[in-house]
Number of protein chains: 2
Amino acid sequence: MPCVYTVKHASALTGIPADTLRMWERRYGVVAPIRSEGGYRLYDDAAIARLTAMHALVGAGWSARRAAEQVASGTTLGPLGDEPEEPAAKSDDLDLLVRLTEDLDAATLTRSLDEVFARTDFETFADEWLMPALLRLGQAWHRGEVSVAGEHFVSAGVHRRLAAALDAVPPHAGAPRVLVGLARGSRHELGVLAFSVALARAGIDVVYVGGDLPPDSWVVAATTQRPAAVVIGVPAAEDVPAVRDTVAALASARPELLVLLGGGHQERVNAGELLGHSLGAAATSLAGRLTADPA
Amino acid sequence: MPCVYTVKHASALTGIPADTLRMWERRYGVVAPIRSEGGYRLYDDAAIARLTAMHALVGAGWSARRAAEQVASGTTLGPLGDEPEEPAAKSDDLDLLVRLTEDLDAATLTRSLDEVFARTDFETFADEWLMPALLRLGQAWHRGEVSVAGEHFVSAGVHRRLAAALDAVPPHAGAPRVLVGLARGSRHELGVLAFSVALARAGIDVVYVGGDLPPDSWVVAATTQRPAAVVIGVPAAEDVPAVRDTVAALASARPELLVLLGGGHQERVNAGELLGHSLGAAATSLAGRLTADPA
DNA sequence: CGAAGCTTGTCCACTCTTTGTCGAAGGTCT
DNA sequence: AGACCTTCGACAAAGAGTGGACAAGCTTCG
């Protein structure tokens with residue numbers, strides 16, 4: 001098979017205009033193709049690889065000079081034949097998470113999430129894209145259509161994105177405090193984490209305690225911290241008994257404490273107050289109740 | 001490696017508008033980025049760390065001037081004559097995490113972590129502060145000195161900080177790919193997440209799959225993704241059997257695959273290659289091996 | 001209490017740098 | 001001969017630098 005390519009061929013392979021190809025060589029020396037006797041450039045596979053790498057970096061927002069330095073300093077010796085393809089411009093792609101499980105590429109994952117995330121405010125993003133997309137991902141996972149590793153990889157990426165959003169909320173001194181987390185055994189944090197972000201953005205001092213918190217610890221935290229309310233997620237049917245235990249323990253220890261439930265199976269607990277299934281609306285409504293009535 | 005970032009990148013990484021970035025430099029001299037030939041600012045990792053620390057302080061209610069002084073006094077000043085050096089008493093407070101469990105204050109948690117984080121480069125931070133501090137936290141937890149909710153709360157905060165650090169590493173196109181995660185049943189992600197950050201900073205394309213990944217899924221991922229190596233954390237003694245199963249499954253499916261173990265109980269697995277207990281050294285050494293030998 | 005003053009983030013105008021693209025003049029390949 | 005390539009200069013749009021201006025918030029003083 002041919003191992004050398006002319007400019008036109010290289011341009012077609014990389015998707016970079018031939019003019020730009022020559023300019024990158026002249027200005028940054030990112031490649032140095034050998035020449036034919038007549039002076040024509042002859043690119044080999046390594047050159048194509050470096051050019052695709054540089055193209056990807058530039059597409060990710062790097063300046064051409066930095067990208068060239070990165071490609072030149074970074075070891076680009078890998079025997080890679082894969083080519084990062086352009087993500088099609090889409091407006092409402094709920095299967096994006098499912099697709100991202102196939103090719104475990106951290107850069108693409110981060111970039112795709114950033115794009116979706118930046119399209120609108122957080123509450124709309126969470127209600128109209130994130131939760132439906134996570135539902136699709138869960139369904140595909142149950143059908144065995146995505147690998148467990150892929151699901152873990154994408155979930156970890158979404159977790160990172162939500163965590164960054166939570167840390168990015170400026171703190172509200174003196175705001176009512178709300179404890180948010182999952183009951184013992186519950187480990188699907190994504191929904192309750194997204195709700196924490198929305199609640200913090202609504203002006204609440206959120207104490208996010210994560211998943212798998214036993215009933216006793218809920219009681220201890222609710223007693224020592226004196227939160228204005230407690231939010232427990234019910235992401236799965238098998239979490240219902242543990243949530244029921246937790247709500248009962250909290251009710252007996254602090255009967256006046258406001259205990260709210262969220263998540264897909266909140267109705268099956270038959271205790272506590274329900275937040276409903278609109279994350280943004282629930283967060284603003286709860287924040288309104290707590291700040292209006294500081295009793 | 002010492003990556004440099006343009007204003008746009010620095011702004012994206014820190015969440016601070018580019019205008020404010022320049023203003024903080026002009027008014028308070030909190031950073032002094034080197035310039036390109038054309039005069040463009042080039043921020044390094046230390047500058048990004050100082051800016052995030054200052055951002056956190058300002059977000060916590062500090063005035064910009066005080067925050068800048070705090071950040072400047074906490075680290076060594078580079079460009080100009082050395083200030084009257086005050087080695088603050090808080091130089092290596094390993095019990096900080098334990099104290100933070102008492103009062104579940106999200107703002108204090110974030111600010112404290114940012115301050116410690118900004119004191120040095122990530123590898124030193126991880127080896128000399130984070131891992132020892134997590135060990136102290138675990139010991140205090142076993143002695144019953146910290147509440148479970150407090151431990152969860154602080155762990156979630158550290159998780160967020162590490163996640164942000166992982167997402168902040170620029171992608172290395174064409175770099176060797178390494179799968180990093182925990183075996184089935186393992187759920188203590190903090191150590192393996194910190195290692196992922198160090199490995200990504202060393203130029204590796206890290207695929208972080210998180211915790212609780214069954215052996216079959218490890219095999220599927222290692223087969224379809226063809227990583228150059230696989231890193232499995234062994235954070236607790238009870239994780240040893242699951243790790244052993246995973247290593248055995250990987251060895252039978254892909255005998256030539258490089259499988260490495262990290263974490264406190266790596267020695268007890270009696271299989272795979274050991275990474276040792278210096279996180280930074282292990283990351284750079286592994287990255288060196290993989291980039292030098294692309295086979 | 002109001003006015004003056006300081007702080008701080010944002011905006012604007014203007015200049016310089018970077019970068020992709022184009023055209024002209026001429027050489028190479030089939 | 002015609003299609004393709006090379007070098008070089010020029011150029012416009014985007015991005016980034018500088019310094020000044022300004023409004024909102026807070027402090028201080030009369």
Side-chain angles (χ1 to χ4, degrees), chain A residues 2 4-44 47-48 50-72 86 168 170-174, chain B residues 4-44 47-48 50-72:
Chain A
V4 290
Y5 315 94
T6 170
V7 182
K8 193 174 194 124
H9 207 167
S11 170
L13 281 175
T14 59
I16 309 168
D19 266 333
T20 305
L21 235 42
R22 281 187 283 260
M23 205 47 87
W24 282 2
E25 176 187 338
R26 190 210 299 184
R27 283 181 176 149
Y28 319 117
V30 67
V31 285
I34 58 168
R35 303 300 186 105
S36 72
E37 292 132 22
Y40 282 23
R41 288 171 175 79
L42 296 176
Y43 297 85
D44 58 6
I48 300 294
R50 308 187 97 190
L51 289 170
T52 15
M54 174 153 173
H55 191 211
L57 286 178
V58 170
W62 288 54
S63 80
R65 181 169 302 277
R66 300 295 133 206
E69 285 177 11
Q70 187 71 24
V71 170
E86 286 302 309
H172 298 269
Chain B
V4 290
Y5 313 94
T6 64
V7 188
K8 192 176 186 172
H9 259 78
S11 171
L13 253 47
T14 59
I16 309 169
D19 254 339
T20 305
L21 235 43
R22 282 187 281 259
M23 202 49 88
W24 283 1
E25 176 186 338
R26 192 207 301 182
R27 283 180 177 151
Y28 319 116
V30 66
V31 285
I34 59 168
R35 303 301 185 102
S36 73
E37 303 100 23
Y40 281 24
R41 288 169 174 80
L42 297 176
Y43 298 84
D44 58 6
I48 300 295
R50 302 178 71 142
L51 289 171
T52 35
M54 173 152 174
H55 189 42
L57 289 177
V58 170
W62 290 46
S63 82
R65 181 167 303 278
R66 302 289 174 168
E69 287 174 8
Q70 176 71 22
V71 171

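Letters go in sequence order (proteins before strands), and every chain restarts at 1. None of these values were measured; they are calculated from a predicted model.
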#### Entry: Length of the line joining Arg41(B):CZ and dC16(C):C1', which is rounded to integer Å
13 Å
### Message
Does anything in residues 24-38 of chain A form a side chain to side chain donor-acceptor pair (under 3.5 Å)? List the pairs, not counting sequence neighbours.
### Response
Glu25(A)-Arg35(A), Glu25(A)-Arg41(A)
### Task
Can you measure from OG1 (Thr6(B)) to OH (Tyr40(B)) and round to the nearest 0.5 angstrom?
9.5 Å
### Query
Which residues pass the salt bridge (Lys or Arg N to Asp or Glu O under 4.0 Å) test with Asp44(A), sequence neighbours left out?
none
#### Entry: Interface limits on DNA chain D, where chain A has a heavy atom under 4.0 Å of a nucleotide atom
dC4(D) to dC8(D)
### Message
So if I take residues 23-31 of chain A and measure heavy-atom distances to DNA chain C, which residues fall below 4.0 Å?
### Response
Met23(A), Trp24(A), Arg27(A), Tyr28(A)
### Message
Output the rounded distance in Å from CD (Glu69(A)) to P (dT19(C)).
### Response
10 Å
### Query
Does a side-chain heavy-atom distance below 4.5 Å link Leu21(A) with Tyr43(A)?
yes
### Message
Would you compute the distance between atom OG1 of Thr14(A) and atom NE2 of His9(A) and round it to the nearest 0.5 angstrom?
### Response
10.5 Å
### Message
Is there a side-chain contact between His55(B) and Ile16(B) in this structure, where contact means two heavy atoms from C-beta onward sitting under 4.5 Å apart?
### Response
yes
### Query
Closest heavy-atom contact between Met54(A) and Ala64(A)?
CE-O, 3.5 Å
### Distance-minimising heavy-atom pair for Ala18(B) and Ser11(B)
N-OG, 3.7 Å
### Task
Provide, to the nearest angstrom, the distance between the CZ atom belonging to Arg22(A) and the C1' atom belonging to dC22(C).
11 Å
### Message
If you assign each of Val7(A) and Leu42(B) to its closest nucleotide in DNA chain D, which residue comes earlier from the 5' end?
### Response
Val7(A)
### Task
Ignoring hydrogens and angles, tell me if any N or O in the side chain of Arg50(B) forms a donor-acceptor pair with the backbone of Val30(B) under 3.5 Å.
yes
### Task
Quick one: label Arg35(B) by what it contacts on the DNA or RNA (base, sugar-phosphate, nothing), any heavy atom closer than 4.0 Å.
sugar-phosphate
### Query
Within the distance-only criterion (no hydrogens, no angle test), does the side chain of Thr52(B) pair as donor or acceptor with the backbone N or O of Ile48(B) below 3.5 angstrom?
yes
### Separation of dT7(C) P from Arg65(B) CZ (nearest whole Å)
6 Å
### Distance, rounded to the nearest Å, where Leu21(B) contributes CG and dG9(C) contributes C1'
13 Å
### Query
In whole angstroms, how far is the C1' atom of dT19(C) from the NE2 atom of His55(A)?
14 Å
For nucleotides 25-30 of chain C, which of its nitrogen or oxygen atoms have a protein nitrogen or oxygen under 3.5 Å away, and what is each distance?
unit_1, atom_1, unit_2, atom_2, d
dG27(C), N2, Tyr40(A), OH, 2.9
dT28(C), O2, Tyr40(A), OH, 3.1
dC29(C), OP1, Gly38(A), N, 3.3

### Rounded distance in Å - CD1 (Ile16(A)) to P (dT21(C))
10 Å
#### Entry: Partner residues of Arg66(B) under the salt bridge (Lys or Arg N to Asp or Glu O under 4.0 Å) criterion, sequence neighbours left out
none
